[in-house]
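Below: the structure, in structure tokens.
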Amino acid sequence: MKYIGYIRVSTKKQGKSGLGLEAQKRAIRNLLNEDDILIAEFEEVESGKNKERPKLLEAIQKCKETKATLVIARLDRLSRSLSFISQLMDSGIEFVACDMKHANRFTIQIFAALAEQEARFISKRTKVALAELKAKGVKLGSPRNLTENSRMRSLEVRQSNSISNEHNRKATALIVSMRKEDKSYLNIAKELNQSGFKTRRSKEFSAMTVKRLYDRYIANSEEQTK
């Protein structure tokens, strides 16, 4: 197999440090077998919200010219925008994400949709919460007024929530895909466990856990269409 690697970091600081880039490069190389060929790698420093990705376009064009597969370390290195992922899929090239290497095209679309949906819900909930606090006369603080311990604790919580949310999105995407194939909740749980997936509390999946995630996805989808 021939591959073209695409690596992206969000900030110039990450790009200069090389830490984010090197971690992605390792993930890509770990995915490849001995007989696979990594033709080229394209590095980009750009926000995930920005759809202008010159290096990604170069990588896609190189894939077309060489009939290679685009490989990325994590799906969110492409974008959390469903429309962007769809455009990439419409380009006709094959691509694989190291963190979801067994996923199919439908699964990846579901994952992107969940990430985009979650971003909208977080933004909406934040605005509502701030409006309620302001209406109660609560003086909203500034990050500059936080103690160092408060800032560190806040960062730890955000990082933990981010990891949990991403794990849930991946599991949910696979669950939705497998339900489309009429697989039972119990069989889906077995497949998730065999693939190394864990719940938010780092436990194995059960049929009930799978059903809860699937029901939540359906409920959120229905709310979004209202």
Side-chain angles (χ1 to χ4, degrees), residues 1 3-4 6 27-28 31 33 48-49 51 56 60 63-64 67-125 161-226:
M1 290 284 291
Y3 291 95
I4 301 291
Y6 175 70
I28 289 173
L31 177 76
N33 296 318
K49 296 180 180 179
K51 296 182 182 180
L56 177 57
I60 291 173
C63 286
K64 290 180 177 179
K67 292 182 171 42
T69 297
L70 183 70
V71 58
I72 54 176
R74 288 168 45 189
L75 184 62
D76 64 5
R77 292 300 85 193
L78 283 175
S79 176
R80 288 191 172 94
S81 165
L82 176 58
S83 61
F84 187 87
I85 296 290
S86 296
Q87 288 175 14
L88 175 64
M89 295 177 74
D90 289 341
S91 69
I93 69 167
E94 293 296 327
F95 71 93
V96 61
C98 297
D99 61 340
M100 291 187 75
K101 56 186 177 182
H102 300 303
N104 56 33
R105 294 168 72 87
F106 175 73
T107 307
I108 291 173
Q109 280 187 313
I110 292 294
F111 178 76
L114 287 167
E116 190 176 75
Q117 182 187 73
E118 181 182 294
R120 284 198 298 268
F121 286 160
I122 289 173
S123 177
K124 182 179 179 181
R125 286 195 296 265
N161 288 342
S162 175
I163 292 171
S164 296
N165 289 339
E166 185 176 347
H167 288 175
N168 278 344
R169 283 198 299 268
K170 291 175 184 175
T172 302
L174 291 170
I175 289 168
V176 173
S177 179
M178 286 188 274
R179 284 296 292 166
K180 289 285 184 181
E181 299 172 0
D182 292 325
K183 292 187 178 180
S184 69
Y185 295 121
L186 180 59
N187 285 336
I188 293 173
K190 289 179 179 178
E191 289 197 34
L192 289 173
N193 294 331
Q194 288 172 359
S195 299
F197 278 86
K198 297 292 182 182
T199 66
R200 185 166 57 88
R201 292 188 172 87
S202 299
K203 295 182 178 180
E204 288 198 337
F205 278 87
S206 66
M208 182 57 68
T209 311
V210 170
K211 185 178 185 304
R212 284 174 185 160
L213 282 178
Y214 183 73
D215 288 345
R216 186 183 304 166
Y217 165 79
I218 295 299
N220 288 340
S221 299
E222 289 175 351
E223 180 181 338
Q224 189 176 348
T225 57
K226 289 181 180 178

Problem - Gap separating the NZ atom of Lys67 from the CD atom of Glu94, nearest 0.5 angstrom - result: 13.0 Å
Exercise for the section: Could you check Ile60 against Tyr6 for side-chain contact (heavy atoms from CB on, under 4.5 Å), going step by step and ending with a plain yes or no? Expected result: CA-CA 9 Å; Ile60 291 173; Tyr6 175 70; over 6 Å; no
Practice task
Show the numbers, then the answer: is there a side-chain contact (heavy atoms from CB on, under 4.5 Å) between Met208 and Tyr185?
Solution key: CA-CA 7 Å; Met208 182 57 68; Tyr185 295 121; over 6 Å; no
Practice task
Could you pull out the closest heavy-atom pair between Arg74 and Ala97, with the gap in Å?
Solution key: C-CB, 4.5 Å
Practice task
Nearest 0.5 Å please: distance from the CD1 atom of Ile218 over to the CZ atom of Arg179.
Solution key: 9.0 Å
Exercise for the section: Take Tyr214 and Ile188 through the test side-chain contact (heavy atoms from CB on, under 4.5 Å) and record every step on the way to the result. Expected result: CA-CA 11 Å; Tyr214 183 73; Ile188 293 173; over 6 Å; no
Handout entry: Derivation and outcome, side-chain contact (heavy atoms from CB on, under 4.5 Å), residues Lys198 and Lys203
Key = CA-CA 5 Å; Lys198 297 292 182 182; Lys203 295 182 178 180; over 6 Å; no
Problem - Set of side-chain hydrogen bond (donor to acceptor under 3.5 Å, both in side chains) partners for Lys190, sequence neighbours left out - result: none
Fill in the blank from the handout: When rounded to the nearest 0.5 Å, the distance separating CG of Leu192 from CD of Glu204 is 10.5 Å
Completion exercise
Taken in chain and number order and not counting sequence neighbours, the residues that satisfy side chain to side chain contact (heavy atoms under 4.5 Å, CB included) with Thr209 are Thr199, Phe205, Ser206
Handout entry: Minimum heavy-atom distance Ala73-Ala27, with the two atoms named
Key = CB-CB, 3.9 Å
Practice task
Kindly compute the distance separating CG (Leu174) from CG (Leu213), expressed to the nearest 0.5 Å.
Solution key: 11.0 Å
Practice task
Can you establish whether the number of heavy atoms outside Glu191 located under 6.0 Å from its atom CD is more than 12?
Solution key: yes
Completion exercise
OH (Tyr3) and CD1 (Ile28) are apart, to the nearest 0.5 Å, by 11.0 Å
Practice task
Mind listing the closest non-hydrogen atom pair of Ile93 and Cys63 along with its distance?
Solution key: CG2-CB, 4.1 Å
